[in-house]
Amino acid sequence: MIEIEIFVKSLKDFFSSKMLKISLIPLIITMIIIYSLFFAAADFGITAMQDIAQASQNGEEVVISEDAPFYFVWMTYLLVFLFKYSFTSWIAGFLLYTVGSVIVLQASVLFTIVIIGFLTPMILKILHKRHYSHLTLHGHGDLLSPLWILLKSSIIMILLFIVLIPVYFVPVLNFIAFSFPLYYFFHKLLNYDVASTILSDEEFKKIYKTQSGAFRLRTLFLYIVSMIPFITLFTAVFYIIYLGHAYFVKLDELHKLENLNKKEDKEEKMKEITKD
């Protein structure tokens with residue numbers, strides 16, 4: 001099955017009534033988390049910035065606690081300077097909202113990918129029953145495996161963010177440097193959730209050995225799609241369906257190849273017996 005056929009088949013499954021109902025779960029949960037955590041934090045931050053801006057514009061002294069971290073002190077002095085003048089105040093406000101929007105967008109993607117992991121077995125079970133009932137699902141890993149993958153991927157993502165800090169100041173490359181750790185996290189969780197539900201450890205190694213590049217391209221495509229503001233809230237289920245079809249197709253090909261090899265081995269043995 002060529003890639004366009006997998007994509008079209010995935011779209012048809014995604015727009016089925018069952019899948020659309022499941023799509024509401026990550027949407028609702030992620031929105032609740034985003035509103036409760038980030039918008040509350042943003043409101044607190046904006047209020048603090050407004051206080052600093054008002055004090056700066058009125059010529060009042062901004063008092064900083066002696067126990068405050070050095071980066072907080074630097075940031076406060078920078079904000080005092082920027083908000084002191086109306087023009088720089090407008091630029092600072094624009095940057096604050098822009099950076100805040102990017103952070104909220106990326107956070108919504110990460111939260112949705114984590115949440116959809118809990119729904120992956122249900123989604124793939126529906127796909128299996130509908131299209132691939134002739135295949136046997138083995139799966140691999142235990143109850144702690146997803147938590148370990150989540151923890152390990154989170155640590156590596158944070159380390160990548162730190163290591164790539166110098167690149168953030170280089171135009172164009174800074175966008176790639178900022179996106180790479182997020183894509184790493186996105187790929188690892190999404191790929192593991194789907195593969196561990198469908199394949200045994202042995203089957204996964206056989207398929208991924210030759211198809212790792214193709215699956216990375218698929219998750220890269222899905223990651224690029226997820227960069228459209230908040231689209232992941234609605235399409236996370238499609239990501240599972242799309243990768244699920246790709247793995248099911250490769251599993252089917254693997255089984256056919258193994259059966260063919262067994263048949264050939266059997267014929268060879270029969271020929272040897274006949275000669276004897």
Side-chain angles (χ1 to χ4, degrees), residues 1-34 102 104-133 135 137 139 146 149-150 153 157 179-199 204 207-208 211-253:
M1 184 182 295
I2 61 175
E3 199 65 29
I4 189 66
E5 291 177 343
I6 294 176
F7 184 79
V8 172
K9 196 173 185 179
S10 300
L11 279 178
K12 289 180 180 178
D13 284 325
F14 174 66
F15 285 108
S16 65
S17 58
K18 279 187 178 180
M19 295 302 185
L20 289 176
K21 289 177 183 177
I22 295 174
S23 297
L24 293 175
I25 299 174
L27 169 63
I28 294 171
I29 296 177
T30 304
M31 288 301 296
I32 291 173
I33 295 174
I34 291 295
V102 171
V104 171
L105 169 62
Q106 297 293 348
S108 68
V109 173
L110 299 183
F111 275 120
T112 305
I113 292 302
V114 173
I115 293 167
I116 201 64
F118 294 98
L119 303 174
T120 298
M122 182 195 307
I123 297 169
L124 295 178
K125 186 178 180 180
I126 295 172
L127 284 187
H128 177 253
K129 185 177 180 181
R130 184 177 296 173
H131 303 288
Y132 308 99
S133 57
L135 297 174
L137 300 185
I149 295 296
L150 175 61
S153 300
M157 178 180 66
S179 299
F180 180 70
L182 294 166
Y183 166 69
Y184 173 86
F185 183 87
F186 182 93
H187 168 78
K188 283 295 182 182
L189 259 64
L190 201 60
N191 192 63
Y192 176 81
D193 287 340
V194 176
S196 64
T197 304
I198 297 174
L199 310 171
F204 173 71
I207 292 174
Y208 209 68
Q211 296 294 319
S212 60
F215 280 99
R216 286 193 182 97
L217 285 175
R218 291 184 180 104
T219 55
L220 179 61
F221 163 71
L222 295 176
Y223 177 75
I224 292 172
V225 171
S226 74
M227 290 300 97
I228 301 173
F230 300 108
I231 195 172
T232 299
L233 297 177
F234 305 94
T235 58
V237 170
F238 173 77
Y239 302 166
I240 302 298
I241 295 172
Y242 180 52
L243 284 184
H245 273 303
Y247 270 115
F248 275 125
V249 168
K250 292 303 173 184
L251 179 61
D252 193 23
E253 291 176 358

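The minimum heavy-atom distance between R218 and L243, with the atom names listed, is CB-CD2, 4.0 Å. When all heavy atoms of D193 and I113 are compared, the closest pair comes out as OD2-O, 4.3 Å. Considering every non-hydrogen atom in both L135 and H128, the closest pair reads O-NE2, 2.6 Å. The shortest heavy-atom contact between P181 and M157 is O-CG, 3.4 Å. Here the closest heavy-atom approach between residue T112 and residue P26 is recorded as CG2-CB, 4.1 Å. The two residues S226 and I231 come nearest to each other via the heavy atoms CA-CG2, 3.9 Å.
Note on ring orientation: taking the six-membered ring where Trp is involved, the planes of Y132 and F248 are parallel (angle under 30°, cut-offs 30° and 60°). In this structure, Y183 and H187 have tilted ring planes: the angle between them lies in the 30° to 60° band.
Taking 4.5 Å as the limit, every side-chain heavy atom of L190 sits out of range of all side-chain heavy atoms of F215. At a threshold of 4.5 Å between non-hydrogen side-chain atoms, the residues T235 and I228 do not count as touching. Considering only heavy atoms from C-beta on, V109 stays 4.5 Å or farther from F185 through its side chain. Within the 4.5 Å cutoff, the side chain of I116 has heavy atoms near those of the I123 side chain. Using a 4.5 Å cut-off on side-chain heavy atoms (C-beta onward), Y247 and T197 make no contact. Residues V194 and L124 meet the side-chain proximity criterion, which asks for heavy atoms closer than 4.5 Å. The side-chain heavy atoms of F234 and S23, taken from C-beta on, include no pair separated by under 4.5 Å. Side-chain atoms of H131 and D252, non-hydrogen and from C-beta on, never get closer than 4.5 Å to each other.
Side-chain contact annotation: Y223 with T219, donor-acceptor N/O pair under 3.5 Å absent. Between E3 and Y242, the side chains place a donor N or O and an acceptor N or O closer than 3.5 Å (distance only, hydrogens not considered).
Taken to the nearest 0.5 Å, the CG atom of D13 stands 5.5 Å off from the CG atom of L127. Between the OG1 atom of T232 and the OH atom of Y239 there is a distance of 3.5 Å, given to the nearest 0.5 Å. Rounding to the nearest 0.5 angstrom, the gap separating the CD1 atom in I240 from the CG atom in L119 is 8.5 Å. How far CZ of F186 is from CD1 of I224: 10.0 Å, rounded to the nearest 0.5 Å. For the atom pair CD of E5 and NE2 of H245, the computed distance is 12.0 Å after rounding to the nearest 0.5 Å. Atom CG of L24 is separated from atom CD1 of I29 by 11.0 Å, given to the nearest 0.5 angstrom.
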Please test N191 against Y208 for side-chain contact (heavy atoms from CB on, under 4.5 Å), starting from the C-alpha separation and ending with a verdict.
-> CA-CA 10 Å; N191 192 63; Y208 209 68; 3.6 Å; yes

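F180 CZ: 12 or fewer foreign heavy atoms inside a 6.0 Å radius.
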